[in-house]
Amino acid sequence: MTPDYQNYRAVVENAKDLPKLSSVITRLLEMIKSPTTSAADVGQLISQDVALASLTLKLVNSPFYGFSQKIYSITHAIVIMGFSRVKNLALAGSVLRSFKPTHTEGFDYYGFWEHSMATAITADVLAQAIDSDYSDEAFISGLLHDQGKLIFVRYFPDEFAKVRKLIDRQQITMREAEHQVLGFDHSHIGGWLAEKWNFPEHLCLGIRMHHAPLLARQHRQLIWLVHAADVFSRALCIGDGGDPFIPEMPQYIWNQLRLTPERVGNVFENALSGMARAGDFLELVRAG
Ligand SMILES: [Fe+2]
Ligand SMILES: [Fe+2]
């Protein structure tokens with residue numbers, strides 16, 4: 001990588017006011033890396049933090065999941081949804097709350113999260129449609145795939161202004177414009193933050209590789225799912241993906257994910273219906 005890359009990375013890593021995750025989430029991320037941690041340990045940790053537990057339960061009980069009875073405890077949520085999904089929901093809620101709204105010209109903060117949410121839901125639906133091993137991880141990976149953009153816009157506003165101009169003038173994607181201005185793109189920046197936050201490896205890679213799916217070596221299917229969900233959510237015109245274009249998805253990914261026109265039609269339908277029930281998630285970013 002160029003010296004510029006290292007300089008930019010150092011600016012981000014040393015920034016004093018980077019969004020911070022709560023200490024419980026930091027502890028949770030440490031715990032899930034340990035092979036001796038049980039579902040009960042994680043459930044207990046979330047339950048002990050009143051704010052985190054109530055945030056998680058609010059999402060569990062939201063119309064997005066549509067459970068017929070109210071779920072009052074984290075333990076109950078784990079029984080109904082499984083440990084991984086509850087853990088990821090706690091993480092999702094915390095991360096959504098950690099970012100502060102960015103008011104930068106040419107950047108639509110709420111539209112950004114709508115695009116992220118649509119990608120999360122589409123990745124989730126797609127993972128279930130193909131019965132993926134990553135069914136529990138697709139949602140959070142889709143939700144955070146573009147987190148690097150928030151850091152880019154906030155810490156490098158001059159470069160972002162140049163990127164915006166290039167998108168308009170040359171009619172290219174945000175990623176292509178970023179490569180012209182920076183020599184790399186927001187997926188790298190998102191990867192720096194994911195590593196700094198000690199995210200699990202699959203989540204780091206889902207974020208870092210979402211624009212380079214053909215280069216994936218580990219956790220490949222998760223990366224393919226996030227890539228496809230990003231393209232599909234742009235095709236569905238939900239939120240602001242950074243530019244008005246729909247990137248072409250490599251045929252290899254279509255084949256690997258066993259995508260047929262019929263399956264894609266179903267995924268679109270389910271993603272749209274999920275999006276219509278996702279108000280409680282988006283409220284977290286609207287509240288700032
Ligand atoms: Fe992206
Ligand atoms: Fe995206």
Side-chain angles (χ1 to χ4, degrees), residues 5 8 12 92 95-96 99 102 104 106-127 137-156 159-160 163-164 166-167 172-195 199 202-216 219-220 222-250 253 257 267-268 271-272 274-275 278 281-282 285:
Y5 179 91
Y8 279 112
V12 171
V95 172
L96 288 180
F99 283 107
T102 310
T104 304
F107 186 73
D108 174 359
Y109 183 75
Y110 189 70
F112 164 86
W113 280 116
E114 280 185 315
H115 164 72
S116 301
M117 192 66 203
T119 306
I121 294 171
T122 308
D124 186 39
V125 167
L126 201 49
E137 306 297 334
F139 182 90
I140 183 94
S141 306
L143 186 68
L144 303 181
H145 78 288
D146 272 340
Q147 64 175 12
K149 285 183 186 172
L150 294 174
I151 301 297
F152 175 45
V153 167
R154 169 135 184 230
Y155 291 96
F156 309 112
E159 286 87 340
F160 176 66
V163 163
R164 279 251 54 96
L166 280 179
I167 294 170
I172 52 176
T173 63
M174 182 169 182
R175 176 178 183 250
E176 288 165 330
E178 287 169 338
H179 275 269
Q180 285 194 32
V181 173
L182 302 169
F184 55 91
D185 65 65
H186 62 270
S187 64
H188 298 84
I189 304 176
W192 304 339
L193 188 62
E195 279 178 31
F199 281 174
H202 61 267
L203 183 50
C204 288
L205 287 172
I207 294 167
R208 166 69 188 81
M209 302 298 288
H210 75 270
H211 285 301
L214 299 181
L215 300 179
H219 302 293
R220 297 197 304 167
L222 180 66
I223 294 163
W224 298 335
L225 285 167
V226 176
H227 177 81
D230 182 29
V231 173
F232 288 166
S233 70
R234 283 158 168 271
L236 287 167
C237 298
I238 304 172
D240 184 355
D243 59 67
F245 310 109
I246 305 168
E248 204 173 309
M249 191 158 69
I253 308 286
L257 295 179
V267 166
F268 277 24
L272 285 172
M275 200 61 199
F281 284 85
L282 289 167
V285 290

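When a ligand or atom number is given, it counts from 1 through the structure's own listing order. Just so you know, these numbers come straight off a predicted model, no measurement behind them.
A centroid separation of 6.0 Å or more is found between the aromatic rings of Phe99 and Phe112.
Shown here are the ring pair (Phe, Tyr, Trp, His ring centres under 6.0 Å) partners of His115, two or more places apart in sequence or in another chain: His145. Under the rule for a ring pair (Phe, Tyr, Trp, His ring centres under 6.0 Å), Phe245 has no partner lying at least two apart in sequence or in another chain.
The side-chain heavy atoms of Leu222 and Leu203, taken from C-beta on, include no pair separated by under 4.5 Å.
Considering just the N/O/S atoms of His115, the one nearest the Fe ion (ligand 2) carries the name NE2.
Using a 30° and 60° split on the angle between ring planes, His179 and His188 fall in the perpendicular class, above 60°.
Around the Fe ion (ligand 1), the protein atoms of type N, O or S that sit closer than 2.8 Å are Asp146 OD1, His186 NE2, His210 NE2, His211 NE2.
Counting only residues at least two apart or in different chains, salt bridge (Lys or Arg N to Asp or Glu O under 4.0 Å) contacts with residues 229-239 comprise Asp230-Arg234, Arg234-Asp243.
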